[in-house]
Each structure stands twice: as C-alpha cells, then as structure tokens.
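Reading through the structure tokens given below for one structure.
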There are 2 protein chains.
Amino acid sequence: MRAVIERHLTKLRARDFVSPDHENAIRESIRDYRDIPADRTVIRANVRLDHCTLLVDGVLCRYKDVRSGERQITELHLPGDFVDLHSFTLKRLDQPVMSLTPCRVASIPHDKLRLLTERHPHLARLYWFATNLDAAIHREWEVSLGRRTARAKLSALFCELLMRLQVVGLADESGYDLPLTQADLGDCTGLTAVHVNRTLKELRGDQLITFQNNRVTIHDLAGLRRAGEFDATYLYLERQHC
Amino acid sequence: MRAVIERHLTKLRARDFVSPDHENAIRESIRDYRDIPADRTVIRANVRLDHCTLLVDGVLCRYKDVRSGERQITELHLPGDFVDLHSFTLKRLDQPVMSLTPCRVASIPHDKLRLLTERHPHLARLYWFATNLDAAIHREWEVSLGRRTARAKLSALFCELLMRLQVVGLADESGYDLPLTQADLGDCTGLTAVHVNRTLKELRGDQLITFQNNRVTIHDLAGLRRAGEFDATYLYLERQHC
DNA sequence: CGATTTTTTGACATTCATCAATCTGGGTGG
DNA sequence: CCACCCAGATTGATGAATGTCAAAAAATCG
C-alpha cells in the first residue's frame, strides 16, 4: 500500500536530498487512497479545505469555465504531483480540479503537513519549491497562451509533458501515453478542438509527432522543441535546491 | 529609512496576523535600498541568486521574449510585492524581471530569510502564501490569455490592478496611477499595441474607463467587472490564512 | 524647441473560430 | 457475434477577431 506514493518520492528525490527519515515521515502522513472516474470534479473551488490531495495515477487538471461556455485548463497534473499543495496556505482553491481520466488519489491532512513542515524545515522548503515550480509552469503557459501560434503551443505542451513524465518514469524516447481528447488539448492551449485537429495534422505531416490512440509518438524531438521554442529550464530539473 | 517597507507590512497584515516580533524581524532583515531607472533588467534569468528583492515603489514585471520578437509579461509587480520570493527555493529565476517605470527596491539575503522562516514557521507560511497568491494570479491570467476577448482581457486587468493597489493604499474609487504604455498593456494581455489602442477607445466609448496621462479613471466599476468577468476571489483578500 | 516615443487611425492580411457534415472506432445490449 | 450507438476525429466552407503595415498626430523629454 505504501509503495503507491513512490512516484511522488521519486519526484522529490529528483529535486533534492530527501533523508529516509523524511521519507518515512511523508509515507506515514499519506492516507485515504481512493479511485475517481474520469470527468469528475475532484476538488471544488472556494470551499474550505483541511487536507491536500496527491495524484497517484491518472491525469487531473485545474481549470476555469468562462461565460461563453468555454473552459481554460491552467495546469495538468501528472502522477506524483500534489494537486492542491497550495491549499495548505491558501485554505481554499481559486479554481476547481477535475479528473480527465480515471484517477487514483490519496490525501494528507493540513495538520500533518503542518507538523511535517515545522519539524523538518528542509521539507517545508522542498514543498514550497514544489508550489513555486507550479507557478513556473503557469508562467510558461502564459507565454504560450499569449504569444505563440497554435503549432508552437501544442509543440511546447508535448515537450513539457515529455519531460515531466520522464521524471516519474512514464515516458521514454519514443513517446508517452496521454489519454486526453483533442478538446482537452484545446482547453490547455486556448484553441478550439477543430483547430487542434488541423494543427495535429500539420505536426504529423511535418514528421514531428503523432497523437493517436491516446499516445504521443515523437518522431523528431529536436524539431518539436524548435517548433515549440521549448527550453526546459523553467522545469528546474537540476538537483540541489532547498 | 525603515518606514519604506510599510507597504509590504501592510500587505502582510491584510492577510493574517503579524506580531510586532515578526515585524521587527522582517524590518531588520531588509537592506540595500536602491533606485532603478525605467526599462532596466533588474534580475536576469537563470543566474544563481542569494537574495530576494522587494519592490518599494514603481512597477516591475516578469516577462519572456519570444522568437518573433514579441514579449509576454507574465506578472506585474506593485509596491510592497516581493518580486522574486520564489528565488528563495528555486535559487534562480526562470524569467527575467525588468522595470517598467523608475523603481525603488530593497533586498533580503536568502540566509536571513532562511533564519526568519525557520524561527517563525508562521512567517514561513505567510511567505509561502505570498508565492501561492502569485501563482493564483498567473492562473487567472492564463484564463484571460486563453479564453477572453481583447475587451475582457483589458477590463479584467484593470480590475485586478485596482484591487491590488487598494490593498496598499495606492488606489481609490475614482481610479489609480498606472505609468505604463499601451504596448506594455499589450504585452500583459497578448495583444498588439494597436489593438490595445482600439479596445481602450471602445472601453472609453462605453463609459467604463479612461486610460490617459498614466492614469486609469474608472467611470463604471460594475460595468468594468462585467466586461472582464471579474471575480476577485482569486486574490484571496480575506484575512486569516496561515 | 527639435527629437523621440507614444498614441491614433486607416487599409488590408492572417489566424483561428464557427457551423455543419461525415467518418471512425470502441463499447454495449440483445 | 452483430447491429447499433455515441463520443471523438476529421474535413470543408465561411466569418470574426486580431495582427500587420504605414502614416500622421500628439505627447514627452532632454
């Protein structure tokens, strides 16, 4: 049962030193594993929260609906991510979280997190780091949303997901599984599903990537990076932070 | 000399209880006040940092240049804001910070911040909160950038700035000073300067706001909020957080 | 007061959205 | 196992929002 948060620990270890003592403290605080079907609201916005939710498996997103009926996804969460670590200090979420695929999640009460971070300032900084990394990803999305063409937006997104999935061992050179619809990709990039479709066709035609059967197959990573103006420094993949 | 960080303390107090003890600890850690002309890079990206920078006066922005030569501003910083509190855990910035107006800044070494946060876990959470609020603002900008019309983007931006400036006493009912160019507003909203100009004309024609002589004059706040689909909950203006 | 930046306006181009229809593949009940 | 169903993918035709280019007017600055 404990093994299921391995991806989370892998992600932490990739960032900085985590002692066995820390790891045990984390393992013992995580509880309440549960499964969630696709397309469910997992956390509502503006409701007071007393625990944080860890994504064990599946894909979740933060999003906001706008009046016109469209949706903007503001971040995708992958296995090993805390989806609402910011609720520890914010106490509620400004945007809801929903499942895009069937998911498995676990939780950690804010009280435990408080103890954990007061006893281990190093862990406090490590989790603080994690929320700051979230913000860095938001910033990069702002750049995509504001100033990139449809082609570059999608290319950049596929590059980001590749790097993030590699950290937790869910991607290799050839590509990765991504059980999203083209409409979901449109909600991430501010495009319509129709235009995503046309752009994917173009990327396929240019031998960069194929997105089919819930899988991203990368044919030319260098070309994809170029198309998306992708520079991974915003993902802070180097070690030694806090 | 100490009085100059009052806006920062005002902002903290607006969020949660800050004891005199905490305030003194903060005051004693802040140093190295300096003035910066407009249009200067204040912090370069990807350079190792050992201190955080506090904005005392003026407007700074985080931004990223894209290949096409355009710029996307990802956040505006107002007096009282830490502009790179995230550098405490990230150790470097993923995006540079530049001055849009003449600015006054101060700094606090990471070492001091480390002591401050280890001795006062409450302050640690308060500053953690501050970086999470930054992320919430990023999320709202993502929504604007991805799914809002030019008219709504600008309206939402003017609403956000009104609320944020009110917290530090730099705005009243009638409006606020905003020494930015239309090109700067375009860089915030992902629009061209030309289109910003046309959209401002429209907002003026509709008696919502006037932006002239570096001042935003609000004629119809309710109308502006509607035009921008503005809901301030993402700014976490209520007290009692950490 | 000359020089530069910023704002404003017009004509035209482009990207992406919208609307609508068809196609496809996987799932389901009989 | 098959017929049906349905969400998702694909394509075409057309339209709207915003970008581009260019020039003039206005404001700002040294």
Side-chain angles (χ1 to χ4, degrees), chain A residues 37-40 59 66-72 99-102 144-157 177-205 209-217 227, chain B residues 37-40 59 66-72 99-102 144-157 177-206 209-217 227-228:
Chain A
D39 271 309
R40 291 293 168 83
V59 181
V66 296
R67 251 206 306 264
S68 58
E70 294 163 304
R71 175 175 71 162
Q72 177 64 47
S99 55
L100 294 177
T101 70
S144 259
L145 289 164
R147 294 296 194 198
R148 289 188 176 134
T149 61
R151 181 188 166 91
K153 285 176 180 183
L154 285 168
S155 300
L157 178 60
D177 290 330
L178 188 73
L180 305 186
T181 66
Q182 296 184 0
D184 293 333
L185 294 180
D187 289 341
C188 291
T189 50
L191 302 168
T192 58
V194 172
H195 201 65
V196 168
N197 184 277
R198 293 188 223 274
T199 309
L200 287 175
K201 184 180 178 181
E202 189 188 320
L203 293 176
R204 211 182 314 131
I209 62 134
T210 304
F211 176 54
Q212 238 166 25
N213 298 116
N214 291 333
R215 184 163 177 90
V216 174
T217 306
Chain B
D39 270 309
R40 290 293 168 82
V59 180
V66 296
R67 252 206 302 264
S68 57
E70 295 162 304
R71 176 175 70 163
Q72 178 64 47
S99 55
L100 294 176
T101 70
S144 259
L145 288 164
R147 294 298 194 196
R148 289 189 174 132
T149 62
R151 182 188 165 91
K153 285 176 180 183
L154 285 169
S155 300
L157 178 60
D177 291 330
L178 189 72
L180 304 186
T181 66
Q182 296 183 3
D184 293 333
L185 294 180
D187 289 341
C188 291
T189 51
L191 302 168
T192 57
V194 171
H195 201 65
V196 168
N197 185 277
R198 292 188 225 273
T199 309
L200 287 175
K201 184 179 179 183
E202 189 188 318
L203 293 176
R204 211 181 315 133
D206 293 348
I209 61 134
T210 303
F211 176 54
Q212 240 166 22
N213 299 114
N214 291 331
R215 185 165 176 88
V216 175
T217 306

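Letters A, B, ... are given to chains in the order of the sequence lines, protein chains preceding strands, and every chain is numbered from 1.
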- Item | Pairwise 5' ranking along DNA chain C for A:V196 and B:L200, keeping only the more 5' one | B:L200
- Indicate for each nucleotide in nucleotides 1-7 of chain C, in 5' to 3' sequence, whether protein heavy atoms under 4.0 Å reach the base (B), only the sugar-phosphate (S), or nothing (-). -----SS
- Is there a donor-acceptor pair under 3.5 Å between the side chain of A:T210 and the backbone N or O of A:T217? no
- Query: Going through the distances and angles, do B:R147 and A:D187 end up as a side chain to side chain contact (heavy atoms under 4.5 Å, CB included)?
  - Reply: CA-CA 9 Å; B:R147 294 298 194 196; A:D187 289 341; 2.8 Å; yes
- Distance, rounded to the nearest Å, where A:E70 contributes CD and C:dC16 contributes P: 15 Å
- chain B footprint on DNA chain D, 5' to 3' - any atom under 4.0 Å from a heavy atom: D:dT18 to D:dT28
- Message: side chain to side chain contact (heavy atoms under 4.5 Å, CB included), that's the test. Do A:L154 and A:R148 meet it? Break it down for me.
- Response: CA-CA 9 Å; A:L154 285 168; A:R148 289 188 176 134; over 6 Å; no
- When rounded to the nearest 0.5 angstrom, what is the spacing between CG in A:L191 and CG in A:L185? 9.5 Å
- Message: Each nucleotide in nucleotides 21-28 of chain C should get exactly one letter: B, S or -. Can you fill that in based on protein heavy atoms under 4.0 Å?
- Response: --------
- Tightest non-hydrogen contact, residues B:P179 and B:V59, listed as CD-CG2, 4.5 Å
- Task: Could you list the residues that satisfy side chain to side chain contact (heavy atoms under 4.5 Å, CB included) with A:S99, not counting sequence neighbours?
- Result: A:I36, A:R40, A:V42, A:L60, A:C103
- Task: State whether the side chain of B:R198 and the backbone N or O of B:A193 hold a donor-acceptor pair below 3.5 Å, judged by distance alone.
- Result: no
- Item | Estimated bend of the helix from C:dC1-D:dG30 to C:dG30-D:dC1 (axis per five terminal pairs, rounded to 10 degrees) | 50°
- Task: Would you please test A:K153 and A:T199 for side chain to side chain contact (heavy atoms under 4.5 Å, CB included) and show each step?
- Result: CA-CA 10 Å; A:K153 285 176 180 183; A:T199 309; over 6 Å; no
- Measure the spacing between CG of A:N214 and OG1 of A:T101 and express it to the nearest 0.5 Å. 9.5 Å
- Query: Atom CZ in A:F211, atom CG in A:L180: separation rounded to 0.5 Å?
  - Reply: 6.0 Å
- Task: Mind checking the OG1-CD spacing from B:T192 to B:Q182? Nearest 0.5 Å is all I need.
- Result: 10.5 Å
- Can you tell me how far P of C:dC19 sits from CZ of A:R198, to the nearest Å? 14 Å
- Could you state the interatomic distance from CG (B:N213) to CG (B:D177), rounded to the nearest 0.5 Å? 10.0 Å
- To the nearest Å, how far apart are A:K201 NZ and C:dC16 P? 16 Å
- Tell me which residues in residues 185-192 of chain A put a heavy atom below 4.0 Å from DNA chain C, sorted by number, or none. A:G190, A:L191, A:T192
- Atom of A:Q72, atom of A:T189 and distance for their closest heavy-atom approach: NE2-N, 4.4 Å
- Task: Answer whether the closest heavy-atom distance between the side chains of B:S144 and B:L157 falls below 4.5 Å.
- Result: no
- Distance-minimising heavy-atom pair for B:L203 and B:S155: CD2-OG, 3.6 Å
